[in-house]
A.B. asks: 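Sharing a structure below in structure tokens format, with a few things to ask.
Chain A is the first sequence line, chain B the second, and so forth, proteins listed ahead of strands; every chain is numbered from 1.
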Protein chains: 2
Amino acid sequence: MSVRVTADDVARAAGVSRAMVSRAFTPGASVSAKKREHVLAVAQALGYRPNLIARGLTGRSTGLIAVVAGEISRPYEAWLLEHLVFELSSRGYQPLLLPALRGGNVTEMIDHALAYQVEGAIVAAGSVSREIADRCRASGAPLVLIGRVLESSGVDAVCCDNIKGMQLLVNRLVQQGRRRIAWLGGTEDTFSDQERRRGVEQALSHHGLALLAVHRGDFSLHSGLNEGLALLDAGQALDAIICANDAMALGVIEAAAQRGIQVPDEIAVTGFDDVPSAAWGRCPLTTVRNPVQETALEALRLLEARVQMPTRATQIVRVGVTLVERVSA
Amino acid sequence: MSVRVTADDVARAAGVSRAMVSRAFTPGASVSAKKREHVLAVAQALGYRPNLIARGLTGRSTGLIAVVAGEISRPYEAWLLEHLVFELSSRGYQPLLLPALRGGNVTEMIDHALAYQVEGAIVAAGSVSREIADRCRASGAPLVLIGRVLESSGVDAVCCDNIKGMQLLVNRLVQQGRRRIAWLGGTEDTFSDQERRRGVEQALSHHGLALLAVHRGDFSLHSGLNEGLALLDAGQALDAIICANDAMALGVIEAAAQRGIQVPDEIAVTGFDDVPSAAWGRCPLTTVRNPVQETALEALRLLEARVQMPTRATQIVRVGVTLVERVSA
DNA sequence: TGAAATTTTGCACGCGCTTTCAAAAAGTAC
DNA sequence: GTACTTTTTGAAAGCGCGTGCAAAATTTCA
């Protein structure tokens with residue numbers, strides 16, 4: 001059992017040399033059509049498929065791409081991953097999934113993936129060090145960051161325009177006459193959290209305003225509820241809570257409901273990302289659309305472009321965002 | 001650039017043979033502690049890591065496991081995938097992710113993964129044919145199904161007790177005095193849909209009841225809304241809608257809200273899976289808990305058990321379900 | 001028909017690594 | 001010191017495949 005068929009077996013059965021078998025499976029190779037057909041037929045009969053691991057060893061491409069994803073159970077991450085994986089595999093690549101969970105060391109994971117001779121890596125979670133970026137470059141495996149950028153490191157990245165997104169949101173709130181605004185941030189040390197907060201503060205100061213309160217969650221629905229309650233119970237009169245992502249905004253809305261506070265009449269709540277569930281439920285979210293598909297596509301474009309020309313200039317793509325006006329603000 | 005360091009380079013630099021380098025990186029191998037340390041140090045300095053592709057070629061294990069997942073953006077799938085990938089990689093395996101999207105041919109994908117010499121495959125989406133099961137067996141790569149079983153095919157599977165789950169739900173509804181019950185199924189031809197429906201019908205007939213209406217969605221929130229509206233607008237007096245999963249149930253609740261129908265007072269709605277978001281929102285779902293983590297763990301257990309003993313008896317694990325009583329029913 | 005141009009084919013080497021085997025080194029006992 | 005056992009080491013043979021090169025087969029042209 002478990003006796004695997006090799007090119008040698010096929011060659012023997014078809015009465016040709018092993019090289020012929022190899023060529024029969026190589027699209028552009030020099031083989032007579034007749035022989036190729038014959039070899040392919042014999043291979044089929046024997047249940048032979050070229051061993052891609054062995055093929056990868058010849059120095060040719062392995063077709064493997066590492067994808068570092070975070071907590072997949074979060075809507076935005078899942079959504080992005082779905083697009084990424086779909087695009088990847090429809091281009092003939094095989095995604096090697098690396099989970100960057102709590103405390104998971106991204107550097108170590110990429111290092112490990114590199115040992116599998118991946119042709120590239122897409123990092124959509126955790127933070128990458130300059131060191132690992134260098135290792136990737138040394139291995140000839142381009143690195144592409146999603147939703148984070150590593151300044152002046154020569155690493156390509158695609159990221160939505162967080163500053164602009166927050167500006168759109170703040171302008172809307174201010175236009176509605178809201179002035180007493182709080183910020184509910186996400187996990188510390190994440191690029192999104194930092195940039196989005198900066199966006200809020202810049203936009204506010206542009207109106208001569210500042211944040212009245214600052215709380216921090218971890219991008220989850222749960223933390224949105226908890227911090228939302230805390231914010232609401234603090235006794236400070238607020239008329240808007242800007243959240244670092246949709247999940248937390250949904251949590252805050254739940255918190256408001258629990259306290260009998262009307263959204264958006266008494267207080268406005270905004271999200272970020274426009275995940276599918278943001279449009280649902282008791283109070284559809286006013287948020288900023290973070291274009292996932294475009295992001296995934298751009299990431300692949302960057303990856304392929306760099307595979308083709310390793311020395312091209314570093315590119316940081318900022319995908320555009322749009323305001324989605326629903327009821328929560 | 002992109003000059004990769006091989007074991008030969010390390011051997012030369014360390015003044016030993018290539019075999020020594022290999023042994024230094026092989027835990028149980030016969031090397032003097034001193035030499036191993038030296039080799040490892042030189043390797044570190046040169047930035048060398050064994051090429052796992054080459055290592056896999058020697059007939060040893062590749063550490064690759066194929067994971068066939070469906071639409072990752074759906075809560076249950078994402079949740080399961082997260083657990084699966086986490087467990088897999090914390091056991092030293094590398095998950096190769098294969099997306100089984102609309103119309104995606106699972107057979108073809110597994111076949112392709114087999115060419116990468118995966119050590120096993122976990123299928124949590126799509127349906128597998130007896131044919132591909134045989135191919136896997138021939139390749140010595142165990143197949144484990146999640147949420148679906150392939151009768152008398154010798155394929156291990158882990159699946160929750162759909163029949164029992166629906167029985168729990170039906171009993172509760174009947175106990176509440178509800179008799180006019182409708183079924184909102186999921187995508188046709190899926191194992192879950194079929195078994196869950198069967199569970200509902202069996203449980204109902206046990207009470208001398210039958211379904212009053214049958215609609216079909218595709219397991220999505222959206223289809224839940226649409227079919228929910230259709231069901232509600234049909235003019236038939238219903239007092240409960242049993243949905244094939246949570247997402248659709250949430251959609252139905254939304255539909256009821258749009259029509260101004262009170263849940264659960266006027267109509268009860270039930271889900272299945274108990275995804276995180278089921279506990280949230282305007283009307284927390286009464287549903288059945290489908291234990292994801294246990295499922296993932298069992299799947300890995302089956303996989304490893306079969307790797308160790310390929311001839312062991314086929315095992316179909318039915319993980320237990322529990323009723324989660326919240327407000328929607 | 002024969003020579004030249006062209007295509008098709010097989011041999012053999014190499015990709016980077018593991019592992020068997022026998023030789024060398026080190027340790028042990030007398 | 002010798003004879004023997006045990007550990008450590010290196011040479012070499014693969015693992016399954018791609019491919020450069022030269023030989024063989026085929027085609028083309030005069």
A.B. asks: Take the protein atom CG of Asn51(A) and the nucleotide atom P of dC15(C), then report the distance between them rounded to whole Å.
C.D. replies: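 Rounded to the whole Å, the gap is 18 Å.
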A.B. asks: Write down the distance between CG (Leu57(A)) and C1' (dG14(D)), rounded to a whole number of angstrom.
C.D. replies: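 One finds 13 Å between C1' of dG14(D) and CG of Leu57(A), rounded.
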A.B. asks: Pick base, sugar-phosphate or nothing for Ser30(B), based on heavy-atom distances below 4.0 Å to the nucleic acid.
C.D. replies: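 Counting heavy atoms under 4.0 Å across all strands, the contact made by Ser30(B) includes a base.
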A.B. asks: Is Tyr48(B) touching bases, backbone alone, or none of the nucleic acid, heavy atoms closer than 4.0 Å?
C.D. replies: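 Sugar-phosphate, backbone atoms only, no base.
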A.B. asks: Between atom CG in Asp8(A) and atom P in dG10(C), what is the gap in whole Å?
C.D. replies: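 My rounded result for the distance is 13 Å.
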A.B. asks: Output the single nucleotide from dG18(D), dC11(C), dG16(D) whose closest atom is nearest the side chain of Arg23(A).
C.D. replies: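 Selected nucleotide (nearest to the side chain): dC11(C).
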A.B. asks: Between Arg4(B) and dG16(C), is there a contact of a side-chain N or O with OP1 or OP2 at under 4.0 Å?
C.D. replies: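 Arg4(B) to dG16(C) OP1/OP2: side-chain N or O found under 4.0 Å.
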A.B. asks: Do Arg18(B) and dT18(C) have a side chain to base donor-acceptor pair shorter than 3.5 Å?
C.D. replies: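 When only heavy-atom distances are counted, Arg18(B) does reach the base of dT18(C) through a donor-acceptor pair under 3.5 Å.
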A.B. asks: Write down the distance between CZ (Arg36(A)) and C1' (dT7(C)), rounded to a whole number of angstrom.
C.D. replies: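 Computing the Arg36(A):CZ to dT7(C):C1' distance gives 14 Å.
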A.B. asks: Which part of the nucleic acid does Ala7(B) contact within heavy-atom distance under 4.0 Å: base, sugar-phosphate only, or nothing?
C.D. replies: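 Contact class for Ala7(B): sugar-phosphate only.
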A.B. asks: Are Tyr116(A) and Tyr116(B) close enough that their ring centers fall under 6.0 Å?
C.D. replies: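 That pair fails the under 6.0 Å test.
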A.B. asks: What is the distance from CD1 of Ile53(B) to C1' of dC15(C), rounded to the nearest Å?
C.D. replies: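 Roughly 12 Å, once rounded to whole Å.
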A.B. asks: Throw together a table of side-chain donor-acceptor distances under 3.5 angstrom for residues 5-14 of chain A, partners on residues two or more places apart or in other chains.
C.D. replies:
unit_1	atom_1	unit_2	atom_2	d
Thr6(A)	OG1	Asp8(A)	N	3.1
Asp9(A)	OD2	Thr6(A)	N	2.9

A.B. asks: Strictly below 4.0 Å: does Thr58(A) bring a side-chain N or O up to OP1 or OP2 of dG18(D)?
C.D. replies: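 So the side-chain polar atoms of Thr58(A) never come under 4.0 Å of the phosphate oxygens OP1 or OP2 of dG18(D).
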A.B. asks: Taking only side-chain N and O atoms of Ser22(A), does any of them lie within less than 4.0 angstrom of OP1 or OP2 on dT19(D)?
C.D. replies: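 Ser22(A) to dT19(D) OP1/OP2: no side-chain N or O under 4.0 Å.
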A.B. asks: Distance check: side-chain N/O of Thr6(B) vs OP1/OP2 of dG16(C), anything under 4.0 Å?
C.D. replies: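 For dG16(C), neither OP1 nor OP2 has a side-chain N or O of Thr6(B) closer than 4.0 Å.
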A.B. asks: Whole Å only: how far is the CZ atom of Phe25(B) from the P atom of dC17(C)?
C.D. replies: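 Atom-to-atom, Phe25(B) to dC17(C), this comes out as 9 Å.
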A.B. asks: On DNA chain C, check which nucleotide each of Ala19(A) and Ala33(A) is closest to and give me the residue with the more 5' one.
C.D. replies: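 The residue whose closest nucleotide sits nearer the 5' end is Ala33(A).
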A.B. asks: Do the side chains of Glu37(B) and Lys34(B) get close enough for a salt bridge, i.e. N-O under 4.0 angstrom?
C.D. replies: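 So Glu37(B) does not pair with Lys34(B) through a salt bridge.
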A.B. asks: Separation of Lys35(A) atom NZ from dT26(D) atom C1', in whole Å?
C.D. replies: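 From Lys35(A) NZ to dT26(D) C1': 12 Å.
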A.B. asks: Determine the sole option in Val16(A), Thr26(A), Leu40(A) for which the side chain to side chain contact (heavy atoms under 4.5 Å, CB included) test with Val21(A) is passed.
C.D. replies: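 By the side chain to side chain contact (heavy atoms under 4.5 Å, CB included) criterion, Val21(A) pairs with just one of Val16(A), Thr26(A), Leu40(A): Val16(A).
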A.B. asks: If we check side chain to side chain donor-acceptor pair (under 3.5 Å) with Ser73(B), which of these qualifies: Glu77(A), His83(A), Glu82(A)?
C.D. replies: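 Of the listed residues Glu77(A), His83(A), Glu82(A), the side chain to side chain donor-acceptor pair (under 3.5 Å) partner of Ser73(B) is Glu82(A).
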A.B. asks: Ignoring the backbone of Ser17(B), work out which of dA11(D), dA12(C), dC15(D) is nearest its side chain.
C.D. replies: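 Selected nucleotide (nearest to the side chain): dA11(D).
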A.B. asks: Between P on dC17(D) and CD on Gln117(B), what's the gap in Å once rounded to a whole number?
C.D. replies: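 One finds 8 Å between P of dC17(D) and CD of Gln117(B), rounded.
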A.B. asks: Using a heavy-atom cut-off of 4.0 Å across all strands, would you classify Val31(A) as base, sugar-phosphate, or nothing?
C.D. replies: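 The answer is sugar-phosphate, as Val31(A) gets under 4.0 Å only of primed atoms, P, OP1 or OP2.
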